[in-house]
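Take a look at the structure set out below.
We name chains A, B, ... by the order of the sequence lines, and we start the count at 1 in each one. Not measured: the values here are computed from a predicted model.
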Amino acid sequence: MGATLLEVDNLTTSFFTHQGEVQAVRGVNFRVNAGEMVGIVGESGSGKSVTLLSVLQLLKSPGKTIAGRALFKGENLLDKNERQMRALRGDCLSMIFQDPMTSLNPTLTIGEQIMETLRVHRRISRKAARHRAVELLELVRIPSPDQRLNAYPHEFSGGMRQRVMIAMALSCDPDLLIADEPSTALDVTIQAQIILLLKQIQRELNTAVILITHDLGVIAEAVSRVIVMYGGMIMEEASVEDIFYRPRHPYTWGLLASVPRVDVEEKQRLSPIAGSPPDMLNPPAGCPFFPRCRFALQICRLKIPAYFSSAPGRRSLCWRLHPGAPDRNRFLERQKNYVN
Amino acid sequence: MVITLLLVITLTFCMMHAVPGGPFTAEKALQPEVEKALRAKYHLDDPLWRQYTDYLLGILRLDFGPSFKYPGVTVNELIRKGFPVTFKAGVLAVLLVVFAGIPLGIVAAVKQNKWQDAVVMVMATVGVAIPSFVLATIILYFFALKLGWLPTFGVTHWSGYILPVVALAGFWLAFVARLTRSSLLDVLQQDYMVTARSKGLYQHQILLKHGLKNALIPVITVLGPVAANLLCGSFVVEQIFALPGIGKYFVQSISNRDYTTIMGITIFYAAFLIVMVFIVDLFYVFIDPRIKFGKSTG
């Protein structure tokens with residue numbers, strides 16, 4: 001593993017709407033190393049996308065980052081102005097989005113859309129940009145790339161468009177690629193291909209990748225570390241093995257139980273997590289998950305839990321893991337129910 | 001296109017003849033012999049189907065026939081005389097609509113909810129609400145009468161075109177500014193605009209290349225009919241500024257039952273409109289790659 005590439009520290013972002021302040025991200029800390037692939041998992045509205053849009057300063061009004069730092073190669077991105085951020089976006093930091101059907105401009109050829117990024121950041125000739133665009137389409141495995149450069153987005157299938165998005169994002173050899181639900185809008189078979197492609201790119205180009213998803217199953221084979229978010233906070237962070245085999249947070253258990261499994265012999269009903277995500281306009285005073293948590297204690301309602309760590313690089317936000325919590329051992333035993 | 005035109009000709013012809021009165025109905029009745037002679041001269045006593053086919057044959061030769069009201073003048077001559085003035089004013093009005101309406105709409109969209117937006121929107125709302133004859137009278141009063149900057153009538157000097165062009169363009173300028181604004185605001189919300197920002201493009205690239213190109217599609221749609229409308233002139237504006245244009249003849253011809261002039265100018269207008277709409281369709285292909293000739297694409 002390389003050095004720390006991105007370090008997010010106490011990031012806090014809210015949307016100031018007519019109804020009031022929607023606290024989308026509430027003091028998030030994490031780091032990403034160079035060349036690493038990290039997954040950020042959570043339900044819709046957990047704040048995972050907003051966290052990374054905040055890092056890139058791509059939030060739409062009325063969203064505003066009100067506290068925290070995002071150190072990229074030691075420099076705080078949140079201190080940079082729009083001009084400085086523009087120079088970084090698409091060059092050192094790039095992003096791909098959920099819906100490839102709407103994320104490409106329908107009136108420009110895909111060649112133009114790839115080449116314009118190159119020409120803005122690298123100031124190269126059209127010919128050189130075109131040459132590089134062909135290379136990029138080859139890299140993302142689009143057949144006959146030379147002809148396809150002149151095609152428009154509507155002439156591509158969803159999976160192919162997402163490959164084009166990836167090619168665009170990779171055009172300037174970024175250090176960090178943020179993929180916001182890159183496979184959610186695609187067919188299941190295509191999903192796997194896209195994730196595999198991202199994995200290959202991370203290995204071959206040594207690009208760090210942050211993979212945002214709501215589907216734990218999608219990322220199991222690709223990432224090395226998983227960050228689980230809920231209610232604008234990180235609930236649990238651990239290596240991918242620990243998340244799948246030794247999860248310690250009730251929310252992670254819930255996520256695992258709601259993913260279909262093929263390695264279990266007997267028929268099992270998928271169990272959804274009862275209840276719905278918290279209203280971030282008036283988030284609960286305590287743990288955001290406590291209203292849906294079967295293991296909630298009195299304190300969970302009153303006070304946001306602290307992180308408890310059982311090993312380096314692993315932490316869980318849960319009062320049940322406090323050394324003095326009642327029935328702590330019996331609680332930890334339960335994790336076995338969620339992994340087979 | 002030919003079918004549309006034929007339909008217009010037929011409808012106009014039928015409606016015209018359905019209206020009571022005729023070209024030689026006047027307060028002071030003509031002597032029966034004179035009227036009879038006139039009717040015979042212009043073949044008005046022929047059965048209608050005969051008049052209709054004769055007329056169609058004339059059109060095929062691009063001959064709209066003689067005017068009933070201006071003796072010795074053909075409709076072709078009326079159009080040839082009036083149209084250049086109307087056309088010149090119309091072209092200027094179209095240019096004003098395009099080069100003022102679209103930029104104003106862009107400014108309003110980019111500065112949404114700021115004072116620039118408020119100014120443009122107030123102007124645009126007023127512009128859409130005020131009829132052209134009121135606007136024409138107001139600007140005539142202020143700029144020509146009170147301030148004396150511009151002539152009150154006539155087109156002997158280029159400055160004579162300024163006020164009529166503004167009066168002509170006013171409504172459509174406001175309309176296009178509003179349309180551009182709402183269309184661009186819609187486009188700015190699209191996912192691909194976030195993509196454009198995430199690529200680190202310059203603000204002007206994002207706005208013009210990614211935003212405006214998509215936002216102009218609905219604007220171009222209305223510009224075709226707008227151009228046809230403006231180029232065919234406005235009776236009211238031509239009357240107020242005493243422009244010797246085609247619009248004047250058209251309206252007079254209706255109250256005069258000047259059959260050939262009504263027909264001629266209507267057909268001219270319809271043909272013009274059809275051509276403009278066709279040109280707009282051609283433009284689409286350039287601006288929106290999803291539209292192609294012939295085969296449909298998925």
Side-chain angles (χ1 to χ4, degrees), chain A residues 49 52-53 55-61 82-110 112-122 150-157 161 164-165 168-169 171-172 174 177-178 180 185, chain B residues 102 106 108-114 116-117 180 183-221 280-298:
Chain A
S49 298
L52 288 141
L53 287 172
V55 167
L56 276 178
Q57 292 190 36
L58 282 177
L59 283 174
K60 278 187 200 164
S61 138
E82 181 60 26
R83 195 172 53 80
Q84 293 164 317
M85 279 310 291
R86 186 208 61 73
L88 284 176
R89 288 188 207 123
D91 192 359
C92 305
L93 287 154
S94 57
M95 187 153 182
I96 59 180
F97 297 92
Q98 176 169 353
D99 191 348
M101 308 310 256
T102 57
S103 296
L104 289 167
N105 189 327
T107 56
L108 295 174
T109 62
I110 61 121
E112 179 57 33
Q113 294 188 55
I114 296 175
M115 278 152 44
E116 66 177 354
T117 317
L118 280 163
R119 284 167 59 77
V120 157
H121 294 295
R122 293 282 180 269
N150 298 324
Y152 287 93
H154 70 272
E155 298 169 78
F156 285 77
S157 68
R161 287 190 211 189
V164 170
M165 282 294 291
M168 247 162 60
S171 55
C172 295
L177 174 65
I178 298 166
D180 188 358
Chain B
I102 293 176
I106 297 172
V110 173
K111 302 280 179 187
Q112 193 196 3
N113 299 332
K114 303 216 172 76
Q116 294 95 329
D117 183 27
T180 307
S183 172
L184 187 58
L185 282 179
D186 181 55
V187 166
L188 291 179
Q189 292 301 313
Q190 298 294 315
D191 288 346
Y192 54 78
M193 296 306 287
V194 182
T195 309
R197 285 186 68 202
S198 82
K199 286 156 79 176
L201 302 181
Y202 290 101
Q203 193 58 38
H204 68 265
Q205 286 178 304
I206 297 176
L207 192 65
L208 298 179
K209 190 167 157 188
H210 288 261
L212 196 58
K213 191 168 178 198
N214 285 289
L216 281 184
I217 293 172
V219 178
I220 296 214
T221 312
V280 166
D281 283 350
L282 291 181
F283 257 110
Y284 267 146
V285 181
F286 289 108
I287 199 162
D288 190 346
R290 285 164 296 189
I291 298 168
K292 282 224 173 75
F293 290 123
K295 64 176 194 277
S296 65
T297 48

Contacting region of [X] [heavy-atom separation from chain B under 4.5 Å]:
X       : answer
M85(A)  : neither
E82(A)  : side chain
M168(A) : side chain
L118(A) : neither
N105(A) : both

*asked:* Looking at Y152(A), is its backbone amide N or carbonyl O close enough to the side chain of E155(A) to form a donor-acceptor pair, meaning the two atoms are under 3.5 Å apart?
replied: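 Yes: the side chain of E155(A) pairs with the backbone of Y152(A).
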Turns out that what part of Q205(B) lies under 4.5 Å from chain A's heavy atoms comes down to side chain
Heavy-atom pairs under 4.5 Å with chain B are the metric here; pick the option from [options] that has the most.
options                          : answer
H121(A), Q57(A), M165(A), R83(A) : H121(A)
P106(A), G90(A), C172(A)         : P106(A)
M101(A), E112(A), R119(A)        : E112(A)

I want to check something: taking the side chain as every heavy atom from C-beta on, are [X] and [Y] in contact at a cut-off of under 4.5 Å?
X       : Y       : answer
T195(B) : K199(B) : yes
V194(B) : M95(A)  : no
Q190(B) : N214(B) : no
P174(A) : L93(A)  : no
S198(B) : F97(A)  : yes
L58(A)  : R89(A)  : yes

Greatest number of non-hydrogen atom pairs under 4.5 angstrom with chain A, of Q203(B), M193(B), R197(B), falls to R197(B)
